[in-house]
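The shown structure was predicted, so the numbers you read here are calculated from the model rather than taken from an experiment. Position 1 is the first residue of the sequence; numbering continues from there.
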Amino acid sequence: MEPLAIYGRLKEKLGDRVIEIADAKPDPFAVVEPKAIVEAGRFMRDDPQLAMDCLSNESGVDYKDHVEVVYHLFSYRHRHGAVLKVKLPRENPSVATLEEIWKSANWMEREIFDLLGVNFEGHSDLRRILMPEDWPGYPLRKDFVEPLEYHGISTVRESPIIRLETKKK
């Protein structure tokens, strides 16, 4: 099934909770209300015509006015895929976890939490996965400013380009 047909089927199920369907290249996508993401995921997994049995990727994107969580789904049975998005406010972004639908969401949501600060409500183990537990802020946020030191250790690094240019002289 083509992505636009998949999104049409989803729109039949969720109605106005599918906010947008975009025929963007190379990946058409559907934007779903954050409160409807669990229902959308369950429908896309359980509907026999869709059978999206794999959450192959879940990522977060920081825009200047909002944060998006992007879900790439795939059906091994039907060999088709789809992309869902939810748009969240930059201040305290929060959406329900999908780990009960796809176990792979567990680690991907932890990474998005760690690097962008998105809270996944109902997640079984939402804690940092890449950064230290007491790291200040979220490194993939556009407004993130890296501290000059962490626990007395400098985070300032000499540029390798400057080092190479100095050696050439």
Side-chain angles (χ1 to χ4, degrees), residues 3 17-20 22 24-45 52-76 81-167:
R17 292 177 292 167
V18 175
I19 299 168
E20 174 188 354
K25 301 296 181 203
D27 290 321
F29 62 87
V31 179
V32 176
E33 281 185 5
K35 290 182 179 180
I37 192 61
V38 173
E39 184 180 355
R42 215 172 254 122
F43 172 72
M44 293 186 78
R45 181 196 64 189
M52 299 290 183
D53 50 2
C54 177
L55 172 64
S56 58
N57 189 40
E58 184 177 347
S59 57
V61 183
D62 180 17
Y63 292 95
K64 290 184 180 181
D65 61 337
H66 69 281
V67 173
E68 285 183 2
V69 178
V70 183
Y71 307 87
H72 289 258
L73 309 175
F74 187 74
S75 170
Y76 283 101
V83 178
L84 298 181
K85 296 182 179 187
V86 293
K87 294 182 180 184
L88 306 171
R90 288 192 90 249
E91 293 300 317
N92 303 314
S94 185
V95 67
T97 182
L98 293 185
E99 74 174 319
E100 286 188 19
I101 300 169
W102 297 287
K103 295 295 181 194
S104 61
N106 182 295
W107 281 61
M108 292 184 276
E109 289 174 354
R110 284 181 62 189
E111 182 179 1
I112 297 164
F113 165 74
D114 191 6
L115 300 177
L116 285 166
V118 175
N119 178 47
F120 290 92
E121 299 163 18
H123 192 281
S124 65
D125 188 20
L126 195 60
R127 60 189 163 101
R128 292 203 156 196
I129 193 169
L130 298 170
M131 305 302 293
E133 285 292 326
D134 62 344
W135 186 261
Y138 304 102
L140 291 185
R141 287 282 190 116
K142 291 191 185 295
D143 58 356
F144 177 73
V145 177
E146 185 174 2
L148 295 177
E149 77 174 31
Y150 172 73
H151 292 285
I153 302 166
S154 174
T155 62
V156 179
R157 295 162 291 286
E158 179 186 348
S159 169
I161 295 170
I162 293 173
R163 192 177 323 139
L164 286 174
E165 290 173 353
T166 305
K167 286 183 179 182

Seminar exercise, completed: dist Lys85:NZ -> Ile19:CD1 (nearest 0.5 Å) comes out at 12.5 Å
For this session: Drop me the distance from Glu68's CD to Ser59's OG, to the nearest 0.5 angstrom.
Result: 9.5 Å
For this session: Check the surroundings of atom CD in Glu91: do more than 12 heavy atoms from other residues, nucleotides or ligands lie under 6.0 Å from it?
Result: no
Exercise. Would you say Arg42's side chain and Ala40's backbone share a donor-acceptor pair under 3.5 angstrom?
Worked result: no
Exercise. At what distance, to the nearest 0.5 angstrom, does CD1 of Ile37 lie from CZ of Arg17?
Worked result: 11.5 Å
Exercise. Taking the side chain as C-beta and beyond, is there a heavy-atom pair between Val83 and Val70 under 4.5 Å?
Worked result: yes
Exercise. How far apart are the closest heavy atoms of Glu109 and Leu126, and which atoms are they?
Worked result: O-CD1, 4.1 Å
Problem set entry | Verdict with reasoning, Ile101 to Val38, per side-chain contact (heavy atoms from CB on, under 4.5 Å) | CA-CA 8 Å; Ile101 300 169; Val38 173; 4.1 Å; yes
For this session: Please confirm whether the backbone N or O of Leu116 pairs with a side-chain atom of Asp62, one donor and one acceptor, at under 3.5 Å?
Result: no
Exercise. Is the count of non-hydrogen atoms from other residues, nucleotides or ligands lying under 6.0 Å from Trp135 atom CH2 greater than 12?
Worked result: yes
For this session: Quick one: do Glu20 and Phe29 satisfy side-chain contact (heavy atoms from CB on, under 4.5 Å)? Show the steps, please.
Result: CA-CA 8 Å; Glu20 174 188 354; Phe29 62 87; 4.1 Å; yes
Problem set entry | Qualifying salt bridge (Lys or Arg N to Asp or Glu O under 4.0 Å) pairs, either residue in residues 25-34, two or more places apart | Asp23-Lys25
For this session: Please work out whether the ring planes of Tyr76 and Phe74 are parallel, tilted or perpendicular, with thresholds of 30° and 60°.
Result: perpendicular
Problem set entry | Heavy atoms of other groups near Asp134 CG, more than 12 under 6.0 Å | yes
For this session: List the atom of Val95, the atom of Pro34, and the distance in Å for their closest heavy-atom pair.
Result: CG2-O, 3.8 Å
Exercise. Would you find a donor on one side and an acceptor on the other, under 3.5 Å apart, between the side chain of Glu99 and the backbone of Ser124?
Worked result: yes
Problem set entry | Euclidean distance, Cys54 SG relative to Leu73 CG, rounded to 0.5 Å | 8.5 Å
For this session: Drop me the distance from Met52's CE to Leu84's CG, to the nearest 0.5 angstrom.
Result: 8.0 Å
For this session: Write down the atom of Glu121, the atom of Ser94, and the distance for their closest heavy-atom approach.
Result: OE2-OG, 2.6 Å
Exercise. If you count the non-hydrogen atoms of other residues, nucleotides and ligands that lie under 6.0 Å from CG in Leu148, is the total more than 12?
Worked result: no
Exercise. When rounded to the nearest 0.5 angstrom, what distance separates OG1 in Thr97 from CH2 in Trp102?
Worked result: 11.0 Å
Problem set entry | Shortest non-hydrogen contact from Tyr150 toward Pro132 | OH-CB, 3.0 Å
Problem set entry | Of Met108, Arg110, Lys103, the residue whose pairing with Asn106 passes side chain to side chain contact (heavy atoms under 4.5 Å, CB included) | Arg110
For this session: Identify the two heavy atoms, one from Phe120 and one from Ala96, that lie closest to each other, and give their separation to 0.1 Å.
Result: CD2-O, 4.1 Å
For this session: Identify, with sequence neighbours excluded, every residue that meets side-chain contact (heavy atoms from CB on, under 4.5 Å) alongside Asp143.
Result: Arg90, Arg141
Exercise. Which heavy-atom pair separates Tyr138 from Phe144 by the least distance, and what is that distance?
Worked result: O-CB, 3.4 Å
Exercise. Is it true that a side-chain atom of Asp114 and a backbone atom of Ile129 form a donor plus acceptor pair closer than 3.5 Å?
Worked result: yes
